[in-house]
Each structure stands twice: as structure tokens, then as C-alpha cells.
Amino acid sequence: MLTSIATVSISGSLEAKIAAIAAAGYWGAEIMESDLVSCAATPRQINALLRSSGLVCTAYQPFRDFEGMTGALRARTFDRIERKFDITQELGSTRLLICSNVHPESVGDRERLVADFQELGERAARRGLQVGYEALAWGRHVWDHRDAWDIVRRADHPAIGLVLDSFHSFARKVPIESLRDINPAKICIVQLADAPQLYMDELSWSRHYRTMPGQGDFPLSDYVGTLQDIGYSGIYSLEIFNDRFRASDTGTVAIDGIRSLTFLQDQVARARRADVPAPRVTTRGIEFIEFAANDAEAPRLGRLLSTLGFALNGRHRRKAVTRWSQGGINIVINSEIEGFAHTHDMAHGASVCAIGLRVDDVPAALARAQALRINTYSQPVGTGEHAIPALRGVGGSLLYLVEAHNAADIWSSEFEPVTGVTAQSDAGLIDIDHVSQVMPFEDMLSWLLFYGALFDLHKTPLVEVADPRGLVQTQAMESPDRLLRIVLNASAAQQTLSSRFLDKYMGAGVQHLTFRSNDIFESAARMRELGVDLLPIPANYYHDLESRFALKPALVDKLAAAHILYDRDGSGEYFQYYTRAFDKRFFFEIVERRNYAGYAAANAPVRLAAQARFRTEP
Ligand code: MG
Ligand code: MG
């Protein structure tokens with residue numbers, strides 16, 4: 001795969017874009033006209049910059065409104081394209097890309113269009129250039145790659161080729177099978193873009209919501225697999241118009257592009273060859289959550305955990321680290337005065353600094369992370385300590401990879417047991433249901449790709465929930481066994497709880513941890529005895545609940561008394577309650593699932609409003 005990316009896909013000046021594209025390791029870059037026009041460097045200088053960066057100028061694009069013009073307009077169009085040929089040559093490229101005409105005065109007569117491309121082919125050939133023709137989803141006469149291919153085929157000129165753009169093909173629902181009718185030798189370039197399935201005009205959809213492969217809903221692996229089947233082995237170029245990427249870090253998005261292409265190639269290989277094992281890392285749930293907390297914060301956090309029924313059951317043999325457990329849940333509080341956790345606490349205050357994930361095969365997981373350009377992390381290991389490999393996760397936190405069959409050894413060799421308190425403090429929590437992370441709005445797709453390309457997680461549909469101060473987008477990534485569920489949250493509005501979290505926390509991180517109980521009323525009663533500080537839910541919510549689900553008044557009273565929220569999906573039922581936030585930063589949620597798979601998005605606005613009521617408190 002010759003990897004390329006259009007400069008429009010990332011933020012920054014053209015020079016900064018080229019530097020980031022080169023650093024990410026692409027073969028080439030498509031220079032977008034809009035980037036060149038606004039750039040102070042001449043095309044020849046850009047050519048020199050590309051060469052010295054080790055990049056090929058994949059193409060110059062786009063030329064608009066070419067084919068089917070008449071009279072004086074036609075003559076002017078041919079003059080105009082000669083000038084673009086000049087620039088293409090100055091840029092050191094051999095390809096100019098043309099989008100199908102949207103001009104109101106253009107004509108659609110097929111013979112005319114073919115003749116235009118034949119004449120253009122002669123002109124391009126004199127320059128040693130190739131022209132690629134692309135059907136825009138909103139083209140006036142040509143908006144389907146089958147028609148563009150028909151024109152290219154009939155023009156039958158060596159300098160005229162076809163541009164395929166997966167967005168346009170999918171947006172117009174052109175069958176993938178139709179790619180099999182195309183002669184691969186005539187494909188000039190394949191542009192790749194994914195997108196969420198939206199119902200809007202194709203132009204706005206394309207200009208604002210394209211994503212990297214794997215971040216949207218289109219079957220990109222079928223598209224590329226089919227092109228591979230017909231023998232296409234040329235350029236794949238990302239052409240991603242996305243408002244978030246325009247506002248994101250240049251280098252991060254460039255690497256995300258390479259990550260998405262690596263992931264895509266994996267998927268194609270897996271789909272085409274039954275003997276290729278699933279390349280993504282199989283997870284086995286969460287072994288531990290690590291909090292960083294200084295000497296003043298750690299006792300308060302310990303007290304909060306006690307009110308949730310956790311017991312202190314281990315102290316690290318050499319470090320200021322404690323282990324708190326309940327059911328299958330392990331929480332570690334790290335109060336070391338140096339090292340990663342300390343740095344994390346200095347930057348963010350007490351909060352989750354690491355997640356320990358159980359995986360079957362740590363070396364395979366690390367190899368895959370490396371292939372995806374995911375950064376690993378290591379810190380000095382003391383004598384008698386296990387070196388647990390880690391990856392850089394959301395907001396600079398760590399994702400430790402723990403061999404699933406080795407986990408018990410780590411605890412027993414590193415922690416001194418603390419006995420005598422476990423039995424009476426238990427509140428019936430079984431395991432971690434989900435981890436909710438908040439990130440900047442611009443970065444959400446990046447983390448979606450990170451989790452989905454590395455681990456065997458699938459994404460659930462994106463949901464928008466109303467905070468009193470704006471909308472929050474939330475999307476879950478889940479493992480097939482649902483032992484790992486990570487919920488990503490982001491908001492474009494400045495004053496939502498999610499956005500204020502980013503401010504207060506100085507970056508992205510874990511906003512809440514959700515624990516599962518098999519008897520939520522029992523857990524709530526036990527925690528009340530232990531002195532838990534719950535988030536109060538208003539009476540209006542319960543009046544509404546009664547009418548919405550026709551619940552028995554006794555059940556509604558019981559829910560209201562314990563501040564438990566309720567949701568139903570078919571025959572599935574969900575119960576949940578929340579603690580007040582620790583230092584107004586992170587909080588805990590307790591849930592009980594009865595055949596219920598979701599996250600009760602309908603209740604989120606009630607929770608957010610309840611939390612917002614505490615906002616003005618000192
Ligand atoms: Mg395109
Ligand atoms: Mg939750």
C-alpha cells in the first residue's frame with residue numbers, strides 16, 4: 001500500500017503539515033489547492049520541501065468544473081487547466097485531480113464529456129502528466145463512480161485515469177461490487193475516508209464529517225479488499241475533511257491516519273484469509289485501577305472507598321502504595337513521592353493515573369501497539385518488583401498490560417496482606433462495569449481509533465446527552481464479553497460538566513468509575529450505613545418514571561428513597577446511583593444490570609443537572 005494523505009486532512013500551515021506527514025511516515029502527500037493558495041512559499045519551494053522531507057507529491061487537487069462546458073466557458077476552462085498543469089509540474093507531481101462538474105451551465109451529454117477528456121488527455125500527455133477524474137457525490141451530471149469510469153473507459157487515453165473516493169461511493173450507496181468492473185490499471189489514485197452514517201446533504205456531510213477509516217460507519221475493508229481482488233496495488237490517500245481534525249494537533253492526526261491505514265490493512269487481510277488470526281488484542285477485563293494521591297489526599301480517598309464497602313487488604317512491600325478490594329475489584333492508591341504517579345498527582349490532583357488491563361498475550365499486545373505507533377512507557381523497576389509493560393493512554397495516563405494468568409502472583413509477591421476488615425465492610429460490589437473518560441472534543445475520534453485498533457473492542461452508537469450548559473457526546477467501546485467497557489465523553493460546549501472537568505483536571509482523564517452490584521438496593525442500604533455521600537435525585541424524576549414505565553408505586557418509592565435511577569430496554573432493566581464527586585473531579589457510580597446492555601443515556605441529563613446544582617457551592 002502506497003500511503004498518502006491530502007494536506008486538507010490535518011491542521012496547521014502547509015509547511016507544518018508537510019513536516020507532520022513526513023514524520024508520520026507516509027509515502028506521499030496530496031497538495032490541496034486551498035493550502036497552496038494561502039501559503040507564502042512558491043510551488044517550487046513546496047516541491048523542494050517535499051523532496052527534502054522524503055515525500056512524493058501524490059497529486060495536486062482539485063480542479064473544478066472542467067467537463068461539459070460550452071462556448072467561451074469551455075475555452076476558458078482549457079486555458080485555466082493549462083495554468084494548473086504548470087503548478088502541478090512546479091510541485092513536482094505527475095497527477096492533477098479533477099472533480100466532476102457542479103457548474104449550472106455544464107451539459108451532461110456523455111459523448112461531449114468523453115470528447116473533453118480525450119482533448120484533455122492530449123494536452124496532459126504533452127506535459128507528461130496524468131489527470132484523474134473523480135465523481136463527486138453532488139456532481140451535476142456525474143455523481144457515481146460507475147459513470148466516471150464509463151467516461152474514463154470511453155475516453156481511452158493513457159493520460160486519463162479514474163479517481164475513486166470511498167466517501168462519494170458510500171454516500172451515494174454505489175454497490176462495492178461495481179468496483180470489479182473497473183480496469184485497475186486505469187485507477188489513478190484511491191482516496192479513503194470513512195464517515196458516520198448521517199442523513200444530510202452530501203456536500204455538508206463530506207466537508208465536515210469525514211473521518212479516518214475505522215472511526216465511522218462505512219465498510220472500508222470491503223472496499224479496499226475488493227480493490228485488492230481486482231489487482232489494484234497503487235496509492236491509497238486519506239482525504240479527510242473534518243472540523244475536529246482542523247482544530248486538532250497536526251502530528252497526532254497525521255499519526256492517527258497511519259494508524260487507521262495499518263488497522264484497515266489488518267482487517268482486509270483478516271477478511272480475505274481465514275487463517276489470519278484476529279490481530280486485535282483480546283482483553284480479559286480490568287485487573288486494577290490505580291489512583292495517584294498525595295499524603296493529604298490518600299486518607300480521604302481511602303475513607304471514600306470505605307464508604308463504598310472497599311477494604312484495605314494490602315500494603316506494597318516497599319512503596320507507599322495500598323490495595324483496596326471488594327468482589328473482583330482492585331483499587332490501588334499510590335502516594336509515592338517520586339515516579340509516574342507522583343507526577344500525575346502534581347499535575348491533576350488525586351485521580352486515576354493508570355488502568356491495569358488483563359490480556360492473554362502481553363508480547364503480542366506490545367507488538368501490535370508498536371505497529372500502530374502507540375507509545376509504550378517504562379519506569380525503573382526495583383528489586384523483587386514485576387516489570388509491568390504499559391502504554392500511554394488518555395491524557396498521559398497509563399494502560400498497564402497484565403498477563404491474565406499471572407495477576408495473582410503480582411499481588412502476592414508485591415503486597416503484604418492486611419487482614420481482619422474484609423467481611424464486615426463489603427457492600428456487594430462485584431466488578432468494574434465501565435470506565436468513563438473525558439477528553440477534548442477534538443480528540444475523541446483519535447481515542448476511539450486508539451482503543452478500536454489496538455483491542456478487540458467494538459463501538460456502540462454515538463449518543464448526545466444534554467448537560468444544562470450544552471451537549472455532551474458519549475460513545476462506548478466494549479469487548480465481546482463486556483468485561484471491558486470504556487465510555488468516551490466529550491463536549492464542544494465550554495461550560496458542560498465534561499468541559500469543566502478538562503479545565504479543573506488540566507486535561508483528559510477518568511471522570512467516573514462504575515461498579516456493578518447484583519443487588520443494588522442492598523448495596524445502597526449498606527453504603528448508607530457506611531456513610532456514603534450520594535448524589536440526590538429530585539422528586540420530579542420519580543414522578544416521570546412512574547408514568548413512563550408504569551412502575552409500581554412501591555418500587556418508585558424505593559428507588560426515590562435511595563436516589564436510584566432506573567431505565568428499561570425491552571425486558572432489560574438498569575438501576576444506577578452516583579456518589580458526590582471527590583474534590584469536584586471524579587465520582588463513582590453503582591449499577592445493577594438485569595439483561596440490560598446500555599448506559600441509560602436518558603438518565604444522563606438528570607444526573608448532569610443534579611451535579612450542576614452543586615456547582616455554585618464553595
Ligand atoms: Mg476526493
Ligand atoms: Mg456511567
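When a ligand or atom number is given, it counts from 1 through the structure's own listing order. Positions are given from 1 along the sequence.
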**Prompt:** Can you tell me the N, O or S atom of Glu239 that's nearest the Mg ion (ligand 1)?
**Reply:** OE1
**Heavy-atom donor-acceptor pair, Ser523 side chain to Ile520 backbone, under 3.5 Å** = no
**Message:** Whether the Gln576 and Asn603 side chains hold a donor-acceptor pair (N or O, under 3.5 Å, no angle test) is what I'd like checked.
**Reply:** yes
**Prompt:** Do any N/O/S atoms of Glu589 come under 2.8 Å of the Mg ion (ligand 2)?
**Reply:** yes
**Message:** Looking only at the side chains, is there a donor atom on one of Gln191 and His168 sitting less than 3.5 Å from an acceptor on the other?
**Reply:** no
**Prompt:** Angle subtended at the Mg ion (ligand 1) by OE1 of Gln191 and OD2 of Asp165, to 10 degrees?
**Reply:** 90°
**Request:** Test Ser491 against Leu471 for side-chain contact (heavy atoms from CB on, under 4.5 Å), laying out the working first.
**Result:** CA-CA 6 Å; Ser491 175; Leu471 286 180; 5.7 Å; no
**Fill in**
Restricting His434 to its N/O/S atoms, the closest one to the Mg ion (ligand 2) is NE2
**Asked** Between Trp447 and Tyr451, how do the two ring planes meet: parallel, tilted or perpendicular, split at 30° and 60°?
**Response** tilted
**Complete:** Of all N, O or S atoms in Glu134, the one closest to the Mg ion (ligand 1) is OE2
